[in-house]
Every structure is written in C-alpha cells, then in structure tokens.
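Beneath this line is the structure, given in structure tokens, with notes to follow.
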Number of protein chains: 2
Amino acid sequence: MDPACAMAKSEMVRKPATLKDVAALANVSRATAARALNSYGYVGDETAQKVQAAAEKLGYRGNRLAQALRSGQLPIVGCILGDIQNPFFARIAHDIEVLARECGHNLVIGSSEEELGQEISLLASLQSLSIRGFIVAPTSADNNAHLKGLIAENVPLVLIDRVAEGIDCDSVVVDNEGGARKAVEYLIGMGHRRIGLLQDDMRIFTSRERMSGYRAALAAGGIAPDDRMVAVSQSTVEHAVDATIRLFSQKNPPTALFTVDSLMTQGALLAFRSMGISIPHDVSLIGFDDFNLATFTDPQITVVAQPVAEIGRAAARLLFDRLSGQGGQPQKFRFETKMIVRGSVSRRRDA
Amino acid sequence: MDPACAMAKSEMVRKPATLKDVAALANVSRATAARALNSYGYVGDETAQKVQAAAEKLGYRGNRLAQALRSGQLPIVGCILGDIQNPFFARIAHDIEVLARECGHNLVIGSSEEELGQEISLLASLQSLSIRGFIVAPTSADNNAHLKGLIAENVPLVLIDRVAEGIDCDSVVVDNEGGARKAVEYLIGMGHRRIGLLQDDMRIFTSRERMSGYRAALAAGGIAPDDRMVAVSQSTVEHAVDATIRLFSQKNPPTALFTVDSLMTQGALLAFRSMGISIPHDVSLIGFDDFNLATFTDPQITVVAQPVAEIGRAAARLLFDRLSGQGGQPQKFRFETKMIVRGSVSRRRDA
DNA sequence: AGACTGTGTGAGATCGATCTCACATATATT
DNA sequence: AATATATGTGAGATCGATCTCACACAGTCT
C-alpha cells in the first residue's frame with residue numbers, strides 16, 4: 001500500500017560506510033584500518049592494501065563529526081558579517097571562503113543584520129559546534145562580552161572592518177578616519193562650507209571613525225560643526241533615501257554631502273534624482289567605499305576607496321596562521337584608503 | 001621565562017563545561033542531568049532545579065558535535081552557489097540564511113565558481129559533516145553523479161536556479177525560456193532583426209534555456225539564426241566587456257543585444273561606453289535579471305526581472321519541509337519572470 | 001640461550017550527549 | 001497484605017574515529 005515501504009528493502013537509505021565496515025571487510029581491527037588509512041604507526045604492506053581496497057569499495061569517507069568530537073575541533077571557520085548583500089561584505093566573504101577551502105576548511109556564514117542580539121546568538125550557536133575560529137565584523141564597538149568570552153576560551157578570533165574596545169586580537173580595518181578626513185578636506189578645498197554627513201548608527205565602529213574624520217576636517221577648516229548637517233540612517237538604500245530627503249528638505253541644505261558607505265551613496269543618488277537635485281551642479285557628493293555603480297552614473301561618483309580585495313584575504317590569512325599554531329602578539333592591520341576623484345564634486349564660488 | 005607558561009596555571013584555556021561537569025556539580029548522574037535539561041522522562045522538581053542552576057553557573061551550552069554524532073545529524077544546511085558576489089546569489093544566500101536561522105540551523109556556504117570539480121569536492125567535504133540537507137545551483141546540467149549520490153543516501157536536496165538531468169528532487173527555477181523569449185520578441189516587435197545574444201557557458205542550465213528562448217523568438221519572428229550574432233562569455237563583468245567588444249567590432253554588428261545575466265549586462269554597458277556606442281540610439285539593450293544599477297544609468301535599462309526575493313525563501317522552505325519529515329513527490333517550482341520596460345530599447349525603422 | 005630492538009596487530013578507552021534498561025521508591029488498587 | 005502503577009534515578013551502551021597500551025612475533029646482539 002505504501003510505496004515507501006515497498007522500497008524499504010531494496011533501495012532504503014544507504015548509510016555511509018564507517019571505519020568499522022571497512023575493517024570488517026578487510027578482516028582487520030578498527031585500529032589497524034585507521035592506521036592504514038591515515039598512515040601512521042606500523043602497518044604491514046599487504047594489510048594496508050587490503051584496507052585501502054576495502055575503503056575504496058565501500059566508498060569510505062570518514063565522519064568528520066566523529067573526528068571532530070575526538071580532536072575537539074571541526075575544520076570549519078565561522079564568519080559573521082553585517083549583511084552579505086552589501087557588495088563590500090560579499091567580496092570579503094568570497095575571499096575568505098576561497099582561502100578557507102585552500103586550507104581544507106569550510107565556511108559557516110551568518111548575518112548579524114547589525115543587531116547585537118543576533119550576533120551574540122549566532123556566535124553562541126557556532127561556538128557550540130567546536131568551530132575552529134571566527135572572523136567577525138562586530139556590530140557594536142562597546143558591547144562585546146561575547147567576544148571576550150571567545151578569547152577566554154582561546155578560540156582564534158579576527159575582527160574585520162571594525163575593532164571593538166578592550167578586545168585584544170588580530171584585526172583588519174582601514175583608515176576610516178583618515179579616509180573620511182581626506183574626503184571632507186577635499187570638499188572644503190573645493191569651497192564648500194555647508195557639508196552634510198549621511199552616517200550609519202554610531203554603535204558601529206566604522207561609523208564612529210568616519211564621523212570623527214569628518215569632524216576633524218571641519219575643525220581644521222575652521223568650520224563649526226552643525227547638527228543640522230548630519231543625518232543618521234541604517235545602511236540600506238531605502239533608509240538612506242529617506243534620510244537624504246530629510247537632510248535636503250531644510251531651509252539651508254548642505255552644498256555637499258559625504259556618505260559613509262556605498263549603499264548610502266546609492267540611496268543619496270536616488271533621493272537627489274527624485275528631488276530633482278542635480279549632481280554636481282546643485283550639490284556635490286562623495287562617498288566612502290567604491291562600488292560598481294559609481295562609474296555608471298553621469299557624472300561618475302567620486303569616492304574614497306578601500307582595498308577591498310585585500311581585506312578578506314588578510315583576515316583569513318591571520319586566522320589560519322593562528323590555527324596553524326602561530327603565537328605571538330595580536331597583529332593589527334590598518335589599510336590605507338585612496339580617494340578616486342571622478343565627477344561628482346564641483347567647485348563652489350559663493351558660500 | 002616564557003610568559004605563556006606563567007599564564008598556564010591561572011588563565012589557561014577555559015574549556016567549555018560538559019554535561020558531566022553539570023551533573024557532578026548538581027550531584028546527579030549524567031542521565032538525570034540530561035533529562036532535566038532537555039525535559040523528557042521523569043525528573044523530580046527539586047533535582048531539575050539543581051541541575052538548571054548548575055548549568056547556569058557553569059555556562060553550559062551542550063556540544064552540538066556530540067549531539068550530532070549521536071543523532072546522526074548536524075543542524076546545518078549547506079548551500080553551494082556559483083558566486084556570492086553575484087547579487088542574485090547574494091540575495092538568495094541571505095534569504096536562506098535567515099530562514100535557516102529561524103529553523104535553528106546554521107548555513108555553510110560554498111562557491112563552486114562554476115567549476116564542476118569544485119562543486120564535487122565541496123559537496124563531498126560537506127557530506128562528510130553529516131549535514132542535514134543541501135541547496136545547490138548545479139554547475140552542469142548533465143554531469144551530476146555526485147547529486148545522484150546525495151539522493152541515494154537520502155540527503156534532502158533542493159536545486160535552485162538550475163535543474164539537472166535525471167535528478168528528481170525539489171527545485172526552484174524561473175521560466176528562463178519564456179523570459180528570454182519575451183525579451184527577444186519585444187526587440188523584434190520594436191523592429192530589430194539583427195539581435196545579438198551575450199550568453200554564458202552552455203553547460204549551465206539557465207544559459208541553455210535562455211538561449212533556447214532566444215532561438216524560439218527568432219524562429220517565431222521568421223529570423224534565421226546567425227552564429228555571428230552570438231557571443232559566449234563567463235559570467236563576470238570583465239569577460240562580458242571583452243565579449244561585447246568582439247561582438248560589436250564586426251562589419252554588421254547587431255542593432256540590439258540581449259544579455260543573459262546582470263553581470264553581463266553591466267559588462268555590455270561598460271563596453272558600449274568605451275566604444276562610444278550610445279544606448280538606445282546606436283544599439284538597444286535588454287538584460288535578463290534586474291539589478292540596482294539598472295535604474296541609475298541614463299537611459300535606465302530594460303530587463304526581464306526574476307522574483308529574486310521569493311527564490312531563496314522558496315528553496316529554503318522546501319528544504320526544511322523535507323527535513324521536518326514531509327515526504328511525497330518532489331515539488332518543482334517554476335516562477336514567472338516579468339519584463340520591466342525602461343529606456344534602453346528603441347524602435348528601429350530601417351532594418 | 002637470554003636480552004634486546006623493530007614490526008605488526010587488536011582490545012579497550014576516549015571525546016560528549018543521549019537513550020535504554022534495570023532498579024529503586026512511593027502511591028494506588030484489589 | 002499483595003499486587004499493580006506511577007515516579008525518579010543511575011549504570012552502561014551507543015554514535016564513529018582515534019590513540020594508548022599490551023601483546024605477539026621476527027630478527028639481532030652478546
């Protein structure tokens with residue numbers, strides 16, 4: 001009556017072969033089979049061949065779970081980023097995955113969605129897997145007991161894109177403050193004085209640093225900071241559109257805008273278009289983080305570019321160095337940014 | 001002398017607490033502790049509380065590896081896609097991760113980079129993890145013994161974006177042929193007769209289907225297929241640039257181009273710009289798969305959009321339905337595409 | 001011959017959680 | 001009082017791979 005039952009005898013779930021099966025087929029003990037397959041200790045030539053043949057025949061493929069339980073380590077690394085849909089993180093995730101594969105590891109990925117709670121529970125869940133190490137872009141710069149916990153348990157951790165207070169471990173970030181400062185100084189040099197900032201949540205490390213670069217440049221240019229010039233948004237195109245519209249709907253809107261990441265830059269572009277504001281005629285724009293789209297618009301968008309191709313690789317390299325037992329002081333990389341001048345900033349004569 | 005040794009006594013690797021530790025602290029057996037924590041079988045109230053307290057105190061967090069070894073299943077699903085950097089796949093990966101998390105699972109991600117070998121070894125490596133199920137965008141439509149192997153071992157598998165010959169399992173794809181056909185018919189309706197196709201490797205399922213829609217539309221329009229109108233490229237912006245340049249450097253270039261994915265569409269855009277070819281004046285363009293950039297260009301690009309927000313969720317839903325024991329015939333979803341007419345196609349009077 | 005070393009092998013413990021079973025008690029039913 | 005049933009608990013097996021240890025035999029050296 002039930003076809004699944006009819007199938008039961010012939011075609012039922014073919015379980016993967018275990019070492020015991022191999023040993024039985026080769027007429028040796030499990031211990032000997034293990035020695036033959038992992039080539040350690042003494043094994044007779046003939047025996048070794050028998051075991052190899054048996055393993056071959058059964059399609060034996062070890063059980064990494066059992067191995068990991070014994071050794072205490074699963075050859076997997078975890079990676080917790082803000083959002084894989086952000087091309088910046090997508091690139092990083094990709095590079096990490098490639099390097100992990102080269103090192104015989106797999107990659108578990110999780111999005112914190114910039115929520116601390118999510119980051120914590122994700123981390124806990126991965127930690128209980130005896131995962132070997134983590135690469136994390138922490139959501140919060142301050143609130144990081146969970147990261148301290150990792151370090152206390154001696155699990156290798158590399159922070160990426162952002163560092164966290166009181167966490168002493170390997171890290172790879174860029175010079176956010178310097179990059180932001182360069183950008184804003186450039187705007188000031190072009191005659192702008194009412195310079196807007198479209199920034200992300202201040203919990204986030206990069207947002208803080210970029211904000212601080214913005215402030216430093218203003219100060220150096222003798223411009224008083226003005227809260228009306230600053231809008232806060234989440235890092236999505238949609239939120240950035242709204243924030244930009246708010247910022248530019250006031251009486252005395254900025255003459256230039258600095259956006260702290262590429263999704264926000266895109267949001268600003270959309271907002272300007274919908275408001276009929278033209279770049280660079282009506283307003284100048286410069287964004288942190290380069291992105292494909294930046295060269296497709298007219299005019300092309302001037303940006304502060306990060307060495308995105310190096311960040312993921314550098315972080316993965318650091319992690320696998322630790323995993324291979326290298327000790328020593330934590331290494332802290334800070335990459336330089338590079339301003340790419342295109343056409344979205346114009347000189348301002350009045351002001 | 002060695003600071004690491006000095007540290008050894010006080011601050012050495014704090015191993016996570018095991019059930020045994022909890023049981024010892026609560027003065028009960030492991031069995032009872034397990035019952036108390038997982039609430040099954042009979043446990044005295046007082047005992048249960050003691051155990052809870054002990055677990056709390058030690059920060060006990062079960063070892064998923066050990067649990068998985070016993071149960072035979074690790075609460076992780078695997079996902080093998082072409083390339084997370086492609087926004088289409090990034091979106092899918094993100095949606096799958098979210099749903100996996102809701103179902104108490106983690107996500108292991110791998111890029112096949114469209115290489116069959118990579119796909120096979122990645123799959124083998126994940127299979128030996130006793131991973132519970134897979135979502136795969138198979139590189140090759142024909143060569144799929146590894147997928148058959150999965151099914152033989154009764155590991156739930158959902159194919160996404162592409163199906164594979166002779167593999168009978170759940171799948172989620174879009175109507176590639178219909179979408180491509182609509183696009184090309186639209187071009188024909190606008191008076192074009194020399195219609196170029198920029199396509200991906202023919203191993204790939206979507207590429208085949210889109211090609212076939214292209215051919216069908218030509219045939220229906222009474223246009224003889226012409227190999228000189230077809231260029232093959234890998235699915236990256238860079239390769240697409242080259243291919244487009246080749247295609248449009250010939251004597252009688254196409255008057256319209258249909259590109260089979262968004263990265264190729266971007267490549268074509270760059271190529272046209274570098275060649276001084278203007279859209280839609282000199283050439284009309286329509287791409288498969290919508291993308292952010294499409295609305296930022298001038299003119300905006302007409303595309304055949306896929307319901308990208310539904311694909312990942314649908315696939316994950318299918319997978320978790322299987323994991324929760326639902327049997328029955330494989331379900332095969334095929335989503336409709338939708339043409340979004342923007343400004344990159346112009347009517348052609350001559351021809 | 002007796003004491004070595006060098007090879008080869010298997011029995012059994014281990015990793016941590018879970019589950020079955022047997023064995024206690026306590027309460028309820030005849 | 002005798003039997004049944006409900007409740008609570010622990011000893012030990014299990015998942016699969018690996019590693020320690022003990023043991024067996026070969027050949028070598030005094």
Side-chain angles (χ1 to χ4, degrees), chain A residues 13-52 54-55 58-76 104 125 127-132 153, chain B residues 13-52 54-55 58-76 104 125 127-132 153:
Chain A
V13 195
R14 195 168 64 210
K15 281 230 182 67
T18 72
L19 185 63
K20 206 165 120 188
D21 302 331
V22 174
L25 182 59
N27 260 316
V28 296
S29 70
R30 284 147 46 240
T32 302
R35 275 188 289 256
L37 291 172
N38 303 327
S39 41
Y40 70 92
Y42 292 110
V43 193
D45 286 355
E46 202 179 337
T47 314
Q49 307 223 337
K50 266 194 311 184
V51 174
Q52 293 287 0
L58 296 175
Y60 173 73
R61 286 192 313 260
N63 178 328
R64 282 167 77 195
L65 231 52
Q67 294 167 338
L69 176 59
R70 186 121 218 301
S71 70
Q73 293 188 318
L74 192 58
I76 290 186
S125 136
Q127 240 184 307
S128 60
L129 277 174
S130 315
I131 272 187
R132 294 199 61 196
E153 290 187 10
Chain B
V13 195
R14 194 168 66 211
K15 282 230 182 67
T18 73
L19 184 64
K20 208 165 117 188
D21 302 331
V22 174
L25 183 58
N27 260 317
V28 297
S29 70
R30 283 148 46 239
T32 302
R35 275 188 290 256
L37 292 172
N38 303 329
S39 42
Y40 69 92
Y42 292 111
V43 193
D45 286 354
E46 200 180 338
T47 314
Q49 307 221 339
K50 266 195 312 185
V51 174
Q52 293 288 359
L58 296 175
Y60 173 73
R61 285 191 313 260
N63 179 328
R64 284 166 78 195
L65 232 53
Q67 294 167 336
L69 176 60
R70 186 118 218 301
S71 71
Q73 293 186 321
L74 192 58
I76 290 186
S125 136
Q127 240 183 306
S128 60
L129 276 174
S130 315
I131 272 187
R132 295 199 61 194
E153 289 188 10

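Hydrogens, waters and symmetry mates play no part in the numbers below; they use all other heavy atoms, side chains included. All chains are named by letter (A, B, ...) in the order of the sequence lines, taking the proteins before the strands, and each is independently numbered beginning at 1. Computed from a predicted model, the values in this text were never measured in an experiment.
Regarding A:Lys20, its NZ atom lies at a distance of 15 Å from the P atom of C:dG10, rounded to whole Å. What separates CG of B:Leu19 from P of C:dT18 is a distance of 7 Å, to the nearest Å. Across the protein-nucleic acid pair, A:Tyr40 atom OH and D:dC21 atom C1' stand 13 Å apart, rounded to whole Å. If you measure from atom CG of A:Leu65 to atom P of C:dT14, you get 21 Å, rounded to the nearest angstrom. Distance CG (B:Asp45) to C1' (D:dT7): 11 Å, rounded to an integer number of Å. To the nearest angstrom, P of C:dC15 lies 11 Å from CG of B:Asp21. The separation between B:Arg64 atom CZ and C:dC15 atom C1' is 18 Å, rounded to whole Å. Distance CG (B:Leu58) to P (C:dA17): 12 Å, rounded to an integer number of Å.
Of the listed nucleotides (D:dT18, C:dG10, C:dG16), D:dT18 has the atom at the smallest distance from the side chain of A:Arg30. Minimum atom distance to the side chain of A:Ala31 is reached by C:dG12, of the listed C:dG12, D:dT9, C:dC19. For A:Ala66, whose side chain is taken as the heavy atoms from C-beta onward, the closest listed nucleotide among C:dG16, C:dT9, D:dA17 is D:dA17. Of the candidates C:dG10, C:dC15, C:dT9, the closest approach to any side-chain atom of A:Val43 belongs to C:dT9. Taking every side-chain heavy atom of B:Asn63 into account, C:dG16 is the closest of C:dT9, D:dG16, C:dG16.
Here B:Tyr60 does not reach the OP1 or OP2 of C:dG16: none of its side-chain N or O atoms lies under 4.0 Å away. Taking 4.0 angstrom as the limit, B:Tyr42 places a side-chain polar atom (N or O) nearer than this to OP1 or OP2 of D:dT7. For the pair A:Ser29 and C:dT9, the criterion of a side-chain N or O lying under 4.0 Å from OP1 or OP2 is not met. Residue A:Thr47 has a polar side-chain atom (N or O) positioned under 4.0 Å from OP1 or OP2 of C:dT9. Between A:Gln67 and D:dG16 there is no side-chain polar atom (N or O) within less than 4.0 angstrom of OP1 or OP2. Here B:Thr32 reaches the OP1 or OP2 of D:dG10: one of its side-chain N or O atoms lies under 4.0 Å away.
Between the side chain of A:Arg70 and the base of C:dG16, no donor-acceptor pair under 3.5 Å is found.
The minimum heavy-atom distance between A:Ala26 and A:Lys50, with the atom names listed, is O-NZ, 3.4 Å.
Contact annotation: the side chain of B:Val51 never approaches that of B:Val43 to less than 4.5 Å [non-hydrogen atoms, C-beta and beyond]. When side chains are defined from C-beta on, B:Arg35 counts as touching B:Tyr40, because their heavy atoms get closer than 4.5 Å. Side-chain contact between A:Leu37 and A:Leu19 is present, with at least one heavy-atom pair separated by less than 4.5 Å. Between A:Leu25 and A:Leu58 the shortest side-chain heavy-atom distance falls below 4.5 Å.
Position along DNA chain D of the nearest nucleotide to B:Ser71 versus B:Asn27 favours B:Asn27 as the more 5'-ward residue. Nearest-nucleotide mapping onto DNA chain D: of A:Thr18 and B:Val28, the residue sitting toward the 5' end is B:Val28.
Here A:Gly62 lies in heavy-atom contact (under 4.0 Å) with sugar-phosphate atoms only.
Residues satisfying the side chain to side chain donor-acceptor pair (under 3.5 Å) criterion with A:Ser29, sequence neighbours excluded, are A:Thr32.
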